[in-house]
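A quick write-up on the structure given underneath.
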Amino acid sequence: VITKLAAYELLAQERP
Amino acid sequence: GDFIPLRSDWISLFYDTGHKVTSDDGSQYAFRAITTRGEYLWLVFSAGKTRGYHAETTCPHSAFAEAREALTYRRAVKSRWDDVRAVARALRRGKLRFDVLIEDAMESPLCAMGTRHFLRSFGLSGIKRISGFKLAWMMLIEPQLGFVIYQAALREGVLS
């Protein structure tokens with residue numbers, strides 16, 4: 001399970 | 001702010017409202033999302049539907065197509081829901097006996113990610129086959145299992 005912070009960082013990297 | 005946590009259909013995820021794609025015909029939109037297990041997906045919303053579809057494609061346009069196909073298939077099965085409930089009832093009462101395979105879930109209109117997370121929640125990860133009896137009882141907890149029972153009933157020739 002990943003933390004909220006890690007999830008937000010990963011999503012930010014996905015931004016175009 | 002930009003990121004929103006969401007739990008639905010056995011999946012816990014975060015989606016990015018700052019990363020939204022709209023379909024060409026404007027009837028669907030998708031947010032980039034990640035599950036709490038670190039799996040990327042597109043959370044697809046379609047016109048007239050409040051709940052999102054979980055698509056694991058990398059391309060959002062493939063995600064729109066997958067969600068559209070699933071919704072069309074779901075509508076078709078829903079129109080036969082009385083039959084599905086009758087089969088489930090017969091399985092629970094032992095009047096019908098057949099196993100349900102993981103392939104039935106894969107061919108059903110349920111998203112693969114939801115199936116995976118559901119099985120994990122029940123300690124059934126990696127299961128390939130389950131008795132229709134058990135699954136029909138589980139359907140009382142998760143009615144969407146009716147879509148899987150329908151698929152198995154088709155394969156068994158119980159429904160056509």
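Proteins come first, then strands; the chains are lettered A, B, ... in the order of their sequence lines, and each starts at number 1.
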So how far is it from B/Arg32 CZ to A/Leu10 CG, rounded to the nearest 0.5 Å?
11.0 Å

Atom pair CD/OH of A/Glu14 and B/Tyr40 - distance to nearest 0.5 Å:
4.5 Å

Would you mind checking which part of B/Thr35 comes under 4.5 Å of any heavy atom in chain A, side chain (CB onward), backbone (N, CA, C, O), both or neither?
backbone

Following the transitive rule for hydrophobic clusters with a side-chain heavy-atom cut-off under 4.5 Å over Ile, Leu, Val, Met, Phe, Trp and Tyr, establish whether B/Val158 and B/Leu135 coincide in one cluster.
yes

Taking all non-hydrogen atoms of both residues, which atom of B/Gly18 and which atom of A/Arg15 are closest, and how far apart?
CA-NH2, 4.0 Å

Are B/Phe64 and B/Trp42 co-members of a hydrophobic cluster defined by side-chain heavy atoms under 4.5 Å apart?
yes

Is there a path from B/Ile130 to B/Leu119 through hydrophobic residues (I, L, V, M, F, W, Y) whose side chains come within less than 4.5 Å of each other?
yes

From CG (A/Leu11) to OG1 (B/Thr17), nearest 0.5 Å
10.0 Å

Say whether B/Phe98 and B/Val84 are linked into one hydrophobic cluster, either directly or through other cluster members, by side-chain heavy-atom distances under 4.5 angstrom.
yes

Is there a continuous path of hydrophobic side-chain contacts, each under 4.5 Å between heavy atoms, that joins B/Phe147 to B/Ile127?
yes

Beyond-backbone contact of B/Ile34 with A/Glu9, side-chain heavy atoms, under 4.5 angstrom:
no

Which label fits A/Tyr8 and B/Phe3: parallel for a plane angle under 30°, tilted from 30 to 60°, or perpendicular past 60°?
parallel

What do you reckon, is CH2 of B/Trp137 surrounded by more than 12 foreign heavy atoms closer than 6.0 Å?
no

Nearest 0.5 Å, what's the CD1-CZ distance between A/Ile2 and B/Phe14?
7.0 Å

